[in-house]
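Within every chain, numbering begins at 1; the chains are lettered A, B, ... in the order of the sequence lines, protein sequences first and strands thereafter. From a predicted model like this one, the values you see are computed outputs, not experimental measurements.
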Amino acid sequence: MLLIALFILLESMRGLASSQTSLSLLKIISKTKNLRLGKSIHAKLIISNFCDIIESNYLIDIYAKCGHLTSARQVFDLMPNRNVVSYSSLMAGYFHDGCPSEVLSVLKIMSFDELWPRPNEFIFATVLASCSNMQAFKMGQQCHAYVLKSGLAFHSYIRNVLIHMYSTCSGVEDALKVFHSMPGVDVISFNSMINSFLEHGRIWDAVEVLNNMVSDISQWDHITYVAVLGLCADSEDSLLGRQVHCQILNRRFETNLFVGSAIVDMYGKCGDSSAARSAFNELSCRNVISWTTIMAACTQNARLEESLKLFVEMQVDGVQPNDLTYAVALNTCAGLAALSNGNSLNAHVEKSGYKAHLIVCNSLINMYSKSGSIEDAQVIFVDLACKDTITWNCMINGYSHNGLGRKALETFHDMLVEEVGPTYVTFIGVLLACGHLGLVDEGFYYVNHLMRNLGITPGVEHHTCIVGLLCRAGLLDEADRYMRTTHSEWDLISWRTLLSACQTHRKFGLGKKVADYILQLYPNDVGTYILMSNMYAKANRWDAVVKIRRLMREKSIKKEPGVSWIQVRNELHVFASEDNQHPLIDNIHKKLAELLDEVKAIGYAPNTASVLHDVEEEHKEGYLKFHSEKLAIVFGLISTPSGAPIHVIKNLRMCDDCHIAIKLFSKVTNRKIVVRDVNRFHCFQDGLCSCDDYW
DNA sequence: TTAGGGTTAG
């Protein structure tokens, strides 16, 4: 209806140059952002050879709002005289088009304007917002000084944009000063302040602002709800989140796209992926962000296959992925070690131009290093001209997890040379590398000196690395003492690290003590029972093994069945131990028998000690034969061209026998075999493993 | 005639 009315008006203008009519039309077009009509009016005005400042300003505004900055700039450049609105309209256009630096260059042109239009609150609102986007703190401060002197600082728009500028460019304290400096803060100031605290990880300060807001502001707007949902997500408070969700439904704010995505995100971060999925299904409208949010919610909650399915559904729905969607999808592939999916995503990223985005490259490095293709991760890393802390962390941790300790430490050294500040995460990779290389003193130097000098408090992950480092060096009593004397929130992983070392180093006395202690804290931990059982089997203490098995039966503790999977030509093949389901199982068994004969000839002897005592001696070898990783690897060998690397993932820790056998498989088949078990990567090549037989 | 705060990632 509106369009028809506009056309009638346009027709009535034919042959006329009524300024009043064109202004009325321009006003409506500016509101409705109708580019086609805007162009028609523009043409009429050119033909009539008359276009005053206000009409030109409207044209700039229309073109700018429709994202046609070249046309907006053309109108602006051809104006014989301009006023402050001409400048502010063009600046707002550049700002919304993602070109904050252009905003500042227009400000420069403005200062040379002979008519010297005085910059007003509209100009500074946009200039300060641009400073925020560009992290141009000095410029932002200068603008702050100007608006204070000129009295413009009392406009609520200016105050709010100043809060945002300080929050992004300097710190939350400066933002807070602006917030408290002037009376009459509005809902936007409160929203900005809450978000500012949340961005800086200060949840309780955000809660305090929210409490003050309850008494000062009677009505929250939809952005307040987005901020409060962010607060629930950050504090993982799903109960409060649910209450807020109910309030949103009462006020019918859930139809807002931002609110809708924030609800999905809140449930995802609170660990309730089912509620996230339901909230997503209820959304009346979905954009790339809502899709990316639900994918992230699934990935964060281990629903990895579902996340990749959503990625496909999203595109079927006509929504194109953006850089963050690719980052989530690649992270999902990393979780699944789905190298071929990751490779195809890499190709899409190249085609779509998102390879220029650092977060995508960081995710590619992460995906490749977690999928056992550390060489591909390295290629991307080396090619990257601009790296951030996360890039360095991904590469250092990638090298460490793949057993390349020396490379990890070299990269850490390069990071320091490039003057990129290491973080909490960096030192996890660095300490793991020290563990691989047996650098005990260096490990202690990093934890006790360098980290503390940099103001990073070592956490349980770092202390666990030190335990691993001592264990690997055979210093188990020191590791035990370290755990008992160092104040840390030791968790199951830390204690299992020590127990596992006791098993490897055959320190049965200490192992028994540690296992008893773990079972006091975690009475039903399957991993501890299995490690104990393996430990006693190694000591030929079959009576103890039987006792543990009986105890497990009594407590109904079941060992998770071993499962391995391999992707061949985009298809996932899953193998369970003693599995006969695969269509090629006969070929797999035949090839496995041949291979075992071949490796026996060069020294392989089945390690039957790791098989249960209650299995007859002559059947023990058979049990070992059918471990899931052996089946998956042999399937890989017969299904891929010679020389192609084999990538297998296993849900449990690899057993000693498989480790020895696979080392020799890599030698006799001349293949690189990468196995990601529940703890680490094993890269088998030429009869050796990257873990140096310690895992 | 022109302006502000908000959802997704590693």
Tell me: CG of A/Leu283 to C1' of B/dT8, nearest whole Å?
13 Å
Go through B/dA9, B/dT7, B/dT2 for me and flag the one nearest to the A/Asn120 side chain.
B/dT2
To the closest 0.5 Å, what do you measure between CG (A/Leu345) and OG1 (A/Thr325)?
10.5 Å
Rounded to whole Å, the NE2-C1' distance (A/His245 to B/dT7) equals 14 Å
Aromatic ring proximity, centroids under 6.0 angstrom, A/Trp392 and A/Phe412:
no
Considering every strand and a 4.0 Å limit on heavy-atom distances, what is the contact class for A/Asn366: base, sugar-phosphate, or nothing?
sugar-phosphate
Closest to the A/Ile54 side chain: B/dA3, B/dT8, B/dT1?
B/dT1
Please confirm whether any donor atom in the side chain of A/Asn256 sits under 3.5 Å from an acceptor in the base of B/dG6, or the reverse.
yes
Whole angstrom is fine here: how far is it from CD1 in A/Ile294 over to P in B/dA9?
12 Å
Taking atom types as they are modelled, would you say the side chain of A/Asp388 forms a donor-acceptor pair with the base of B/dG10 within the 3.5 Å cutoff?
yes
Please classify the nucleic acid contact of A/His357 as base, sugar-phosphate, or nothing, using heavy-atom distances under 4.0 Å.
nothing
Centroid distance below 5.5 Å plus an interplanar angle below 30 degrees: do A/Phe258 and B/dT7 meet both conditions?
no
A/Phe154, CZ atom: more than 12 neighbouring heavy atoms under 6.0 Å:
no
List the steps, then state whether salt bridge (Lys or Arg N to Asp or Glu O under 4.0 Å) holds for A/Glu282 with A/Arg277.
CA-CA 9 Å; A/Glu282 292 295 316; A/Arg277 187 65 211 244; over 6 Å; no
Winner on side-chain proximity to A/Ile359, out of B/dT8, B/dA3, B/dG10, is B/dG10
With a 6.0 Å cut-off on the ring centroids, do A/Tyr354 and A/His357 count as close?
yes
Sugar-phosphate only, base, or nothing, as touched by A/Asp265 at under 4.0 Å among non-hydrogen atoms:
sugar-phosphate
How is A/Ala227 classified with respect to the nucleic acid when contacts are heavy atoms under 4.0 Å: base, sugar-phosphate, or nothing?
nothing
Assign A/Asn397 to base, sugar-phosphate, or nothing according to its heavy-atom contacts below 4.0 angstrom with the strands shown.
nothing
Mind checking whether A/Tyr326 and A/Phe311 have parallel, tilted or perpendicular rings, split at 30° and 60°?
perpendicular
Scan A/Val85 against the nucleic acid and name what it touches under 4.0 Å (heavy atoms): base, sugar-phosphate only, or nothing.
base
Does a sphere of radius 6.0 Å around CD in A/Glu208 hold more than 12 heavy atoms from other residues, nucleotides or ligands, not counting ones at 6.0 Å or beyond?
no
Taking DNA chain B as the partner, which of residues 301-324 of chain A come within under 4.0 angstrom of it by heavy atom?
A/Asn322, A/Leu324
Nearest-Å distance, CZ (A/Phe253) to C1' (B/dG6)?
12 Å
Counting only side-chain nitrogens and oxygens, does A/Asn195 get under 4.0 Å of the OP1 or OP2 atom of B/dG6?
no
Has the side chain of A/Asn83 got a donor or acceptor that lies under 3.5 Å from a partner of the other kind on the base of B/dT1?
yes
Compare side-chain N and O positions of A/Gln300 against OP1 and OP2 of B/dA9 and report whether any pair is under 4.0 Å apart.
yes
A/Arg82 atom CZ is separated from B/dT2 atom P, nearest whole Å, by 19 Å
Classify the nucleic acid contact of A/Ala296 as base, sugar-phosphate or nothing, counting any heavy atom under 4.0 Å across all strands shown.
sugar-phosphate
Taking the six-membered ring for Trp, are A/Phe190 and A/Phe179 closer than 6.0 Å centroid to centroid?
yes
Whole angstrom value for the distance that separates P of B/dG10 from CG of A/Asn393:
14 Å
In this structure, how many angstroms lie between the P atom of B/dA3 and the CG atom of A/Asp186, rounded?
17 Å
Base, sugar-phosphate, or nothing for A/Leu257, non-hydrogen atoms under 4.0 angstrom?
base
Below 4.0 angstrom from OP1 or OP2 of B/dA9, is there any side-chain N or O of A/Lys269?
yes
How is A/His222 classified with respect to the nucleic acid when contacts are heavy atoms under 4.0 Å: base, sugar-phosphate, or nothing?
base
Do A/Phe280 and A/Tyr267 have ring centres separated by under 6.0 Å?
no
Let's test your reading of the model: under 3.5 Å, does the base of B/dT7 pair with the side chain of A/Ser261 as donor and acceptor?
yes
Classify A/Lys31 by what it touches in the nucleic acid, base, sugar-phosphate, or nothing, heavy-atom distance under 4.0 Å.
nothing
Euclidean distance, atom CG of residue A/Asp234 to atom C1' of B/dT7 [Å, nearest integer]:
13 Å
Nearest of B/dT2, B/dA9, B/dG10 to any side-chain atom of A/Phe122?
B/dT2
Using a cut-off of 4.0 Å on non-hydrogen atoms, how would the nucleic acid contact of A/Ser30 be classed: base, sugar-phosphate, or nothing?
nothing
Exceeds 12 heavy-atom contacts within 6.0 angstrom, atom CD of A/Gln243:
yes
Shortest side-chain distance from A/Lys65, nucleotide among B/dA9, B/dT7, B/dA3
B/dA3
